[in-house]
There are 2 protein chains.
Amino acid sequence: MPVQFSISDLERETGISRDTLRIWERRYGFPAPQRNQRSERNYSVEQLERLRLIKQLMDSGMRPGKLAILDLQQLSQITQQQRETQTVPRDVEELLQILATGPRYGLLARLEALLQQQGLRDFLIGVLAPMNHAVGEAWFAGRIGVLDEHHYAEQARMVLLTALRRLPQTPGNSRALLTTLPGEQHGLGLLMATCMLALEGVEVLLLGVQTPLEEIVRGAIEGECSIVGISCSEYMNRRTVATQLVRLRNLLPDTTVLWAGGGGIKGIPAMPTGIQLFSSLDQISTALQKSAAR
Amino acid sequence: MPVQFSISDLERETGISRDTLRIWERRYGFPAPQRNQRSERNYSVEQLERLRLIKQLMDSGMRPGKLAILDLQQLSQITQQQRETQTVPRDVEELLQILATGPRYGLLARLEALLQQQGLRDFLIGVLAPMNHAVGEAWFAGRIGVLDEHHYAEQARMVLLTALRRLPQTPGNSRALLTTLPGEQHGLGLLMATCMLALEGVEVLLLGVQTPLEEIVRGAIEGECSIVGISCSEYMNRRTVATQLVRLRNLLPDTTVLWAGGGGIKGIPAMPTGIQLFSSLDQISTALQKSAAR
DNA sequence: AGGCATAATTTGTCCTAGACAAAAATAATT
DNA sequence: AATTATTTTTGTCTAGGACAAATTATGCCT
């Protein structure tokens, strides 16, 4: 029984817009779905899988025109090659194992043990950051489900919030506002950044995900925050992120620093001055020390 | 300087698709945005506001054809009428005051004091539940912004998670899986329900927001959960909620109980047997005691 | 008057095919 | 080798038409 997907389904599942899917079909001849009586597109599981792979490879900088020609085998070969170049820490591998096979209730305990063992800073940089990436990839490859992804996020959130409340609440020397752009669903990176900043004694005004730009500006001004931090996950569209960051920069007062980090800023082209991109968490510490020295 | 929005912006901000926006313009003459040199639509802030109101009213069952004719005044008048005149507890009023006027960093302390004073159960029922409603309403009326709403949610989340971890971790007699439906953004109600269940000694598998139905089912089966709980905020479309709940019920094994609660289930018509709707948090306790007695 | 089948209307999603600017790659120049 | 100009690639927007699913109105029977 062949399962078929509508163009809406594909948009949701792959993150590629309808418009783009249609124009790829026109230009590259892929994906060329079957049509129903109403001449609507009906995509197959194979096409979905192939598009998932293409999207993943695009996020690491490749171009759709080249990828659309390749078949499933060639695509997964490239993916394989890419994956082999990066080493996954042993702890992360173990966590993934727990996530994929259970027992479900053991994840929290393992996370807490690792936190205890490594300390918050190393835990964030050495465990959670690579784990986030690995979880996203495992989901993409179909090795785990949305369910497992959510479960991981929730447990990690819990561990971090607990750790955060344990930190000494010193009246900070500076203040930061942290949130995500409209459209961004993932809030875990936000919490991780909050922890990094709190470790450096910065007072954090944590807003959840998806704050409208105007409200970010209001919050920064009213809360007298010298730093505005934006977390972008890998699932976000690069161009949207870039455009919105520039717009935010223009709306913010010149005295406010704008920082952006997370998997979603990889592959973003040059940013105008006044927007600082962080490709890893530990850059936060050094940036803070620099700005404190000034 | 008039701020202008593209059709993509509007899709993101209002949740109304491009296609729908364009066809409303064709059919009802609203919204009729200005065009730039490239004859692309440029929407004004007024149009955005009006569409936001329309979306809200649609979610409570009204039809776009009727609403699109009305101007901003008429729309807000209907909204006004819809709003029930109800008494707000004094604590909630005070919290709203803090939220609206600051100091921003005082909210957490006040929430914690109330929790300490009233105990978790009464805090949930007497403070957070009415506060959630009041915050939503205050935002709708323009008395507070998205910023304040997010700030409140984040602080409340922090208080609850801390409280949750303080509860004795008894090996529960039964297990529940808690999440929201796809499309639902608000996760605070979820955390509140988790607390209520944990108070009754139920082991909770907390997944964040927006879990696909199939994944909910898988989680319930794999995690051997006898209860599946769904939280629906007032911002959700009633019809969508009803349809999805029924679909979920059909996918779940008969032995699993399906519970739904939150502001979003008010006004939902009769549900088939096997779906239990909770209009307030304390119904959770009684329902649990009933099912335990069996 | 209430229940129910049928017709009319409303509504959202999908379609084709063309246009064009922004980004990226390539070529040409200093 | 670094800049600048040109070409190619790519995604988003436009228009108006079509149609099914959902909703409301209508007629008919009990």
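Chain naming here is simple, since letters A, B, ... match the order of the sequence lines and numbering starts at 1 in each.
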Exercise. Rounded to whole angstrom units, what separation is found between the NZ atom of B:Lys55 and the C1' atom of C:dT11?
Worked result: 14 Å
Exercise. When you match A:Arg27 and A:Arg63 each to their closest nucleotide on DNA chain C, which lands nearer the 5' end?
Worked result: A:Arg27
Exercise. Rounded to the Å, how far apart are B:Ile23 CD1 and C:dC15 C1'?
Worked result: 12 Å
Exercise. Does the B:Gln74 side chain pair with the main chain of B:Asp71, one donor and one acceptor, at a distance under 3.5 Å?
Worked result: yes
Exercise. Does C:dT10 have OP1 or OP2 sitting under 4.0 Å from an N or O in the side chain of B:Tyr28?
Worked result: no
Exercise. Is the base of C:dG18 touched by the side chain of A:Arg26 through a donor-acceptor pair closer than 3.5 angstrom?
Worked result: yes
Problem set entry | Exercise: do A:Ser280 and A:Asp282 side chains pair donor with acceptor under 3.5 Å | yes
Seminar exercise, completed: A:Gln37 CD to C:dC15 C1', in whole Å, measures 15 Å
Seminar exercise, completed: By nearest-heavy-atom nucleotide on DNA chain D, the more 5' of A:Pro64 and B:Ser6 is A:Pro64
Exercise. Do A:Ser17 and A:Thr20 meet the criterion of a side-chain donor-acceptor pair at a distance under 3.5 Å?
Worked result: yes
For this session: May I have the distance from A:Glu40 (atom CD) to C:dG12 (atom P), rounded to whole angstrom?
Result: 17 Å
Exercise. Contact class for B:Arg41 vs. all strands (heavy atom < 4.0 Å): base, sugar-phosphate, or nothing?
Worked result: sugar-phosphate
Problem set entry | Side-chain ion pair, A:Arg22 and A:Glu25, N-O less than 4.0 Å | no
Exercise. Quick one: B:Trp24 CH2 to C:dG12 C1', roughly how many Å, whole number?
Worked result: 10 Å
Seminar exercise, completed: The reported gap from CD in A:Glu13 to CG in A:Leu48 (rounded to nearest 0.5 angstrom) is 6.0 Å
Exercise. Regarding A:Glu184 and A:Ser233, is there a side-chain donor-to-acceptor distance under 3.5 Å anywhere?
Worked result: yes
For this session: Considering just the side-chain nitrogens and oxygens of B:Ser17, establish if one lies under 4.0 Å of OP1 or OP2 belonging to C:dT13.
Result: yes
Exercise. Earliest and latest nucleotide of DNA chain D, 5' to 3', sitting under 4.0 Å from a non-hydrogen atom of chain A?
Worked result: D:dT9 to D:dA20
Problem set entry | Spacing of A:Glu25 atom CD relative to C:dC15 atom P, expressed in whole Å | 8 Å
Exercise. Below 6.0 angstrom between ring centroids: does that apply to A:Phe30 and A:Trp24?
Worked result: no
Problem set entry | Nearest listed nucleotide, side chain of B:Arg38, among C:dG12, C:dC14, C:dC20 | C:dC20
Exercise. Whole Å only: how far is the CG atom of B:Leu21 from the P atom of C:dT11?
Worked result: 15 Å
For this session: Give the rounded distance in Å between these two atoms: CZ of B:Arg18 and P of C:dC14.
Result: 13 Å
Exercise. Between A:Ser8 and A:Asp19, who's closer to the 5' end of DNA chain C by nearest nucleotide?
Worked result: A:Ser8
